[in-house]
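In listed order, ligands and their atoms are each counted from 1. Just so we're clear, the structure is a prediction, and the values are computed from it rather than from any experiment.
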Amino acid sequence: MRVCIIGDGISSLTLAKALINENIYVDIFTTKKNNLLNKSRTIGISKSNIEYFNSNILNIDKITWKIKNIEIFSENLKNEKILNFRSNDNQLFSILRNYQLYEMLKKDLSKNKFFKKKYLNFNSSLIKNYEIVIITDYSHIFTKKFFSKKIIKKYKGLAYTTIVKHKKIPNITATQIFTKNGPLAFLPISQNETSIVYSFGDNQNVQKENVENLIKNYNFKYKINKFPSVNSFELQSISLRSYYQGKFLAFGDLLHRIHPLAGQGFNMTIRDIKILLDIIKKKNSLGLSLDSSVNKEFEKMLKHKNLIFSNGIDVIHEFFNFERKTKNTFLSKTIQYLGKNQNINNIFTKVADKGITL
Ligand SMILES: Cc1cc2nc3c(=O)[nH]c(=O)nc-3n(C[C@H](O)[C@H](O)[C@H](O)COP(=O)(O)OP(=O)(O)OC[C@H]3O[C@@H](n4cnc5c(N)ncnc54)[C@H](O)[C@@H]3O)c2cc1C
């Protein structure tokens with residue numbers, strides 16, 4: 001089988017590596033020679049996804065930092081802790097830097113005989129060479145042709161990211177504070193470095209220079225030595241109405257993009273990869289042909305789950321947004337109360353780890 005992937009981001013390379021592990025030929029098409037990923041971006045990957053990644057895609061343990069606790073606070077409740085997740089064994093989440101993941105995958109793929117990267121614009125004359133054509137690139141002409149129908153929500157704001165250097169501490173606890181401006185996450189990446197994601201919505205007019213001071217106001221844990229400049233990313237959530245069109249399948253953030261407050265965007269893509277591979281392996285074992293029926297089955301198995309999950313993240317966002325605007329504390333107090341119940345706490349942890357498992 002030969003698969004083509006249009007685009008050269010972390011979703012493309014991760015999927016390419018997962019496919020070649022199944023002895024499937026993969027050609028990546030990109031017109032950009034160098035994908036220089038932003039160095040202030042990090043990703044939190046859930047425990048079950050890291051385990052899947054390490055054993056089925058590539059062992060990335062050496063670029064990950066393990067998180068054993070997650071604490072969630074609300075400014076509305078005078079910075080009281082509303083939820084606390086702990087792991088009795090070794091990790092809840094692992095944090096890594098996007099560009100390191102990209103470089104590691106790129107290096108590994110370059111040595112593989114099943115893989116080729118072509119610096120070409122994919123066009124109609126090439127379609128016949130592939131059983132499936134997977135698109136991750138938002139600006140490709142086929143994206144505009146096949147995947148223009150989508151549900152979009154613009155949060156009218158930006159997520160600011162940076163990685164601060166600070167005094168050494170064990171740094172195994174991630175913290176999220178629902179501040180009056182929006183969610184602020186401190187995500188440890190080593191004993192002396194922590195990645196920060198601060199999301200502002202609702203047209204809040206925040207100057208980049210003020211973000212540093214706002215973060216410092218909420219930082220009660222780190223003795224920061226160096227505060228590099230912050231980068232910003234537009235906040236929006238997108239779900240495509242159709243996952244596929246014949247041979248063409250949309251993938252990665254092109255298929256679904258969500259608010260970063262729960263750190264789940266790439267986690268959804270890892271879950272998608274697992275399902276896609278399961279479909280391919282099942283068809284292979286039954287001697288069935290690998291064609292657009294793979295895409296049809298993929299959409300059937302995932303679209304509803306991904307939509308429920310994306311909407312769930314949006315509900316969390318709206319929920320805290322409402323509280324912020326009304327200065328009501330009832331909702332945070334309810335979560336705080338529910339989170340103290342171990343069974344409910346376990347359900348929250350399971351959904352964050354494995355997504356919707358209906
Ligand atoms: C602030 C923030 C924090 C996040 N935190 C988490 C988290 O903790 N956990 C999690 O699971 N997810 C998180 N996400 C989501 C995660 O970052 C995305 O799901 C993931 O990066 C998407 O990768 P992608 O390859 O699908 O898309 P993209 O990286 O957007 O790339 C899509 C396509 O665009 C093209 N492209 C993009 N940039 C370039 C370039 N510079 N040069 C050439 N081509 C380019 C490529 O063709 C590529 O295939 C976060 C997102 C944001 C914005």
Side-chain angles (χ1 to χ4, degrees), residues 4-17 28-50 52-53 64-65 67 70 92-102 105-106 117-122 134-140 142-143 147 155 157-163 174 176 182-189 195-201 211 230-238 240 250-273 306 309-310 313 352-355:
C4 154
I5 302 179
I6 304 174
D8 180 30
I10 55 170
S11 297
S12 319
L13 298 195
T14 306
L15 175 60
K17 176 66 179 145
I28 280 194
F29 283 79
T30 177
T31 47
K32 301 196 178 92
K33 272 271 176 219
N34 277 318
N35 188 354
L36 298 171
L37 263 67
N38 188 297
K39 294 209 167 164
S40 76
R41 283 277 292 273
T42 55
I43 290 188
I45 301 185
S46 74
K47 182 173 184 272
S48 65
N49 276 339
I50 274 287
Y52 178 76
F53 213 111
T64 63
W65 182 256
I67 303 293
I70 299 176
L92 273 177
F93 253 73
S94 295
I95 313 283
L96 53 80
R97 296 165 208 255
N98 295 33
Y99 83 92
Q100 285 188 335
L101 176 62
Y102 178 85
L105 286 160
K106 186 173 138 185
K117 195 183 260 187
K118 302 191 177 205
Y119 295 100
L120 275 178
N121 196 9
F122 186 86
I134 299 172
I135 311 191
T136 65
D137 187 341
Y138 320 112
S139 56
H140 196 272
F142 285 124
T143 306
F147 302 111
Y155 292 102
L158 298 170
Y160 291 90
T161 63
T162 190
I163 296 179
Q176 170 116 299
L184 166 63
F186 292 90
L187 308 163
I189 186 93
S195 149
I196 299 177
V197 182
Y198 201 174
S199 309
F200 294 81
V211 176
V230 288
N231 293 293
S232 57
F233 302 89
E234 198 189 339
L235 286 171
Q236 52 180 327
S237 94
I238 297 176
L240 287 191
F251 220 82
D253 267 25
L254 170 66
L255 189 59
H256 40 62
R257 195 186 301 185
I258 55 171
H259 193 293
L261 74 89
Q264 285 288 340
F266 189 59
N267 279 291
M268 287 174 83
T269 296
I270 298 173
R271 287 179 208 124
D272 292 352
I273 290 175
N306 283 344
F309 194 77
S310 305
I313 303 290
D353 184 30
K354 300 189 171 156

When rounded to the nearest 0.5 angstrom, what distance separates [atom1] in [X] from [atom2] in [Y]?
{"X": "Leu101", "Y": "Thr14", "atom1": "CG", "atom2": "OG1", "value": "5.0 Å"}
{"X": "Arg257", "Y": "Gln236", "atom1": "CZ", "atom2": "CD", "value": "5.0 Å"}
{"X": "Asp253", "Y": "Ile238", "atom1": "CG", "atom2": "CD1", "value": "8.5 Å"}
{"X": "Ile43", "Y": "Thr64", "atom1": "CD1", "atom2": "OG1", "value": "12.5 Å"}
{"X": "Ile5", "Y": "Lys117", "atom1": "CD1", "atom2": "NZ", "value": "11.0 Å"}

Of the protein's non-hydrogen atoms, which lies at the shortest distance from [atom], and what is that distance?
{"atom": "atom 42 (N) of ligand 1", "result": "Asn35 OD1, 3.0 Å"}
{"atom": "atom 43 (C) of ligand 1", "result": "Lys32 CD, 3.1 Å"}
{"atom": "atom 46 (C) of ligand 1", "result": "Asp8 N, 3.4 Å"}

With heavy atoms of [X] as the reference, note each atom of ligand 1 found under 4.0 Å away.
{"X": "Thr161", "result": "1 (C)"}
{"X": "Ser12", "result": "49 (O)"}
{"X": "Thr136", "result": "32 (C), 33 (C), 49 (O)"}
{"X": "Pro260", "result": "2 (C), 3 (C), 4 (C), 52 (C)"}
{"X": "Gly252", "result": "26 (O)"}
{"X": "Gly7", "result": "47 (O), 49 (O)"}

Any protein heavy atom lying closer than 4.0 Å to [atom]?
{"atom": "atom 40 (C) of ligand 1", "result": "yes"}
{"atom": "atom 29 (O) of ligand 1", "result": "no"}
{"atom": "atom 14 (N) of ligand 1", "result": "no"}
{"atom": "atom 35 (C) of ligand 1", "result": "no"}

Distance-only N or O hit between ligand 1 and [X], under 3.5 Å:
{"X": "Gly44", "answer": "yes"}
{"X": "Phe251", "answer": "no"}
{"X": "Ser11", "answer": "yes"}
{"X": "Ile10", "answer": "yes"}

[options]: member with heavy atom nearest to [atom]:
{"atom": "atom 5 (N) of ligand 1", "options": "Val197, Thr42, Thr269, Asn98", "answer": "Thr42"}
{"atom": "atom 9 (N) of ligand 1", "options": "Gly263, Ser199, Gly9", "answer": "Gly263"}
{"atom": "atom 19 (O) of ligand 1", "options": "Ile258, Asp253, Asp137", "answer": "Asp253"}
{"atom": "atom 31 (O) of ligand 1", "options": "Phe266, Tyr138, Phe29, Phe93", "answer": "Tyr138"}

(message) I'd like to check Lys106 versus Asp8 (side-chain heavy atoms, cut-off strictly below 4.5 Å). Are they in contact?
(response) no

(request) Give me the ring orientation class for Phe122 and His140: parallel if the planes are under 30° apart, tilted from 30 to 60°, perpendicular past 60°. (result) tilted

(request) Anything under 30° is parallel, anything over 60° is perpendicular, the rest tilted; go ahead and classify Phe53 against Phe266. (result) tilted

(message) Side chain, backbone, both or neither: which applies to Gln264 and ligand 1 if a contact is any heavy-atom pair less than 4.0 Å apart?
(response) backbone

(message) Please determine whether any non-hydrogen atom of Arg41 lies less than 4.0 Å from an atom of ligand 1.
(response) yes

(message) So for Ile43, does at least one of its heavy atoms come nearer than 4.0 angstrom to any atom of ligand 1?
(response) yes

(message) Is there a side chain to side chain contact (heavy atoms under 4.5 Å, CB included) between Leu254 and Tyr138? Walk through the geometry before answering.
(response) CA-CA 6 Å; Leu254 170 66; Tyr138 320 112; 4.0 Å; yes

(request) Carefully, step by step, assess Ser237 and Tyr155 under the rule side chain to side chain contact (heavy atoms under 4.5 Å, CB included). (result) CA-CA 8 Å; Ser237 94; Tyr155 292 102; 3.8 Å; yes

Whether the side chain of [X] engages the backbone of [Y] through a donor-acceptor N/O pair (distance < 3.5 Å, no angle test) should be reported.
{"X": "Thr136", "Y": "Ile6", "result": "yes"}
{"X": "Gln176", "Y": "Leu261", "result": "yes"}
{"X": "Thr143", "Y": "Asp137", "result": "yes"}

(message) Go through it in stages, so that I can follow the logic: the residues are His256 and Thr269, the test is side chain to side chain contact (heavy atoms under 4.5 Å, CB included), and I'd like the CA-CA distance, side-chain angles, deciding distance and then a yes or no.
(response) CA-CA 9 Å; His256 40 62; Thr269 296; 3.7 Å; yes

